[in-house]
Protein chains: 2
Amino acid sequence: MNSQSIENYLKVIFNQAIATDEVNTTGIAQALEVSLPSVNSMVKKLAGMGLLEYQKYKPLKITEKGRQMAARIIRKHRLTEMYLVEKMGFGWEEVHDIAEQLEHVQSAAFFDRMDELLGYPQRDPHGSPIPNKNGQIATQEYQSLADCRPGEQVELKALSHTSDEFLKYLNSKDLKLGIKVEILEVEAFDRNMKVAYGGHQEVLSALVCSKLLVS
Amino acid sequence: MNSQSIENYLKVIFNQAIATDEVNTTGIAQALEVSLPSVNSMVKKLAGMGLLEYQKYKPLKITEKGRQMAARIIRKHRLTEMYLVEKMGFGWEEVHDIAEQLEHVQSAAFFDRMDELLGYPQRDPHGSPIPNKNGQIATQEYQSLADCRPGEQVELKALSHTSDEFLKYLNSKDLKLGIKVEILEVEAFDRNMKVAYGGHQEVLSALVCSKLLVS
DNA sequence: TTAAATAGTTAGCATAGACTAACAAATTTA
DNA sequence: TAAATTTGTTAGTCTATGCTAACTATTTAA
């Protein structure tokens with residue numbers, strides 16, 4: 001089986017490929033907190049396994065095989081997060097680190113059972129799509145709250161950033177997925193937004209708005 | 001943190017210490033399916049960490065510190081097995097391999113939550129005691145069915161062997177923990193036992209009886 | 001009680017995955 | 001466009017954990 005190291009690289013590469021399409025060595029090194037030479041040698045190894053296309057000094061490309069393998073790991077991660085929240089009562093800000101470890105468990109039955117007990121969920125607690133067993137993944141067609149105009153009424157569907165601090169911030173503002181948000185005003189100067197939801201008003205910074213995905 | 005390797009060695013050493021009190025290198029090597037020199041060097045390392053007492057050519061002794069650390073790992077393993085059976089619907093013959101992986105997860109909250117959801121169980125699905133958070137573990141005071149005499153009526157409490165094959169055999173005979181068994185006859189020649197339980201009779205081999213713990 | 005068998009040890013080596021130092025290519029900017 | 005900066009690469013090293021071959025100590029059995 002593939003080592004946890006390999007799985008971690010693959011996951012990071014997959015995520016960067018989605019975010020920017022171009023994957024570069026430095027980005028991987030930063031995401032994994034590892035040196036550039038470490039990335040370089042692992043990248044060559046992954047290329048040798050047919051998971052990446054690698055040419056010296058060129059941006060990396062993930063192959064279909066690599067993409068599928070990464071999606072299966074991400075499936076395990078996201079199913080686990082959903083399970084921890086829905087069946088074990090954890091908060092959405094607590095589950096990342098645990099899922100990060102459970103995603104490496106080798107047992108199809110374990111994750112299939114989670115999936116079944118959860119009723120085959122489409123999305124994880126942060127709104128990210130859960131790939132299916134074949135590594136197919138729904139594309140996220142939400143827009144950022146930051147791109148909405150005053151008067152619009154939208155529903156919070158997902159987050160494009162899921163750090164603990166951000167999730168705790170959202171908790172403190174009672175912002176949860178599914179909530180209906182009305183945009184009242186946009187400050188021209190700094191793009192702060194005054195919004196209304198759950199019977200009260202808040203001012204959200206442009207930074208926060210950019211990470212809230214709505215439709 | 002300790003590596004998975006270290007944790008696996010410690011667990012095996014702990015189990016052997018319970019079973020035989022004397023721990024020897026060869027036993028560890030067989031249990032972990034690694035070479036003798038690998039065990040030798042790891043044993044020195046564990047001794048250096050204060051988890052074992054090691055003297056050349058002498059039997060190994062686990063220290064209190066090592067014992068506690070091992071018990072905490074076994075706690076995670078057994079809680080996981082219980083959780084998989086009770087909350088996820090797995091059979092007792094399916095859970096070992098999954099628990100073997102989950103036991104290495106570093107997250108007190110994760111296992112504490114399992115414990116809580118299970119209602120703080122004392123024993124795992126095979127009747128083995130679950131150590132508490134401080135590494136204290138109840139001693140098993142059951143006797144083997146093989147030591148019982150005709151006419152006795154006992155309850156199946158635990159197993160002293162838990163291989164998949166044995167568990168599947170028990171499934172096929174409808175033998176579960178908690179079942180009441182009456183000893184009808186013991187064959188002097190081979191110590192086979194004729195027993196009655198759940199409204200029918202069975203003949204159990206001496207080998208099987210020796211692995212069934214009752215009281 | 002000595003020879004054979006078993007158990008434990010040492011030395012030396014392999015692989016995975018990380019690192020630093022030094023260098024080369026590509027890109028940005030003055 | 002040439003210099004400076006950033007990005008990527010290579011070479012060589014380190015640690016963890018495994019291995020085999022060769023040797024030594026201990027235990028068992030003839």
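Just so it is clear, the structure is predicted and the values come from calculations on it, not from any experiment. Every chain is numbered from 1 and lettered A, B, ... according to where its sequence line falls, protein lines coming before strand lines.
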Is there a side-chain contact between [X] and the phosphate of [N], meaning an N or O under 4.0 Å from OP1 or OP2?
| X | N | answer |
| --- | --- | --- |
| Asn40(A) | dG8(D) | no |
| Ser3(B) | dT17(D) | yes |
| Lys45(B) | dT17(D) | yes |
| Ser38(A) | dC19(C) | yes |
| Tyr57(B) | dC23(D) | no |
| Ser35(A) | dT20(C) | no |
| Ser5(A) | dA18(C) | yes |
| Thr26(A) | dT6(D) | no |
| Lys44(B) | dT10(C) | yes |
| Lys56(A) | dT10(D) | yes |

> What are the two closest heavy atoms between Val85(A) and Pro125(A), and how far apart are they?
Replying inline: CG2-CG, 3.6 Å

Could you work out which one of [options] sits closest to the side chain of [X]?
| X | options | answer |
| --- | --- | --- |
| Pro37(A) | dG8(D), dT20(C), dA18(C) | dT20(C) |
| Asn24(B) | dA21(C), dT9(C), dG8(C) | dG8(C) |
| Ile6(A) | dG17(C), dC19(C), dG8(D) | dG17(C) |

> NA contact type, Val39(B), heavy-atom cut-off 4.0 Å: base, sugar-phosphate, or nothing?
Replying inline: nothing

Provide, to the nearest angstrom, the distance between the [atom1] atom belonging to [X] and the [atom2] atom belonging to [N].
| X | N | atom1 | atom2 | result |
| --- | --- | --- | --- | --- |
| Leu60(B) | dG8(C) | CG | P | 8 Å |
| Glu33(B) | dC19(D) | CD | C1' | 15 Å |
| Gln55(B) | dG8(C) | CD | C1' | 14 Å |
| Asn2(A) | dT15(C) | CG | P | 18 Å |
| Ile28(B) | dA7(C) | CD1 | C1' | 12 Å |
| Tyr9(A) | dA16(C) | OH | P | 14 Å |
| Leu36(B) | dC19(D) | CG | P | 10 Å |
| Glu22(A) | dT7(D) | CD | P | 13 Å |

> Would you call the rings of His161(A) and Phe166(A) parallel, tilted or perpendicular, where under 30° means parallel and over 60° means perpendicular?
Replying inline: tilted

>> Check this for me: Lys211(A), atom NZ, are more than 12 non-hydrogen atoms of other residues, nucleotides or ligands nearer than 6.0 Å?
In response: yes

> Would one find more than 12 heavy atoms of other residues, nucleotides or ligands at under 6.0 Å from atom CD of Glu22(B)?
Replying inline: no

> Does Glu81(B) pair with Arg78(B) as a salt bridge, N-O distance under 4.0 Å?
Replying inline: no

>> Within 45 degrees of the ring normal and closer than 6.0 Å to the centroid, is that where the cationic atom of Arg75(A) sits relative to Phe111(A)?
In response: no

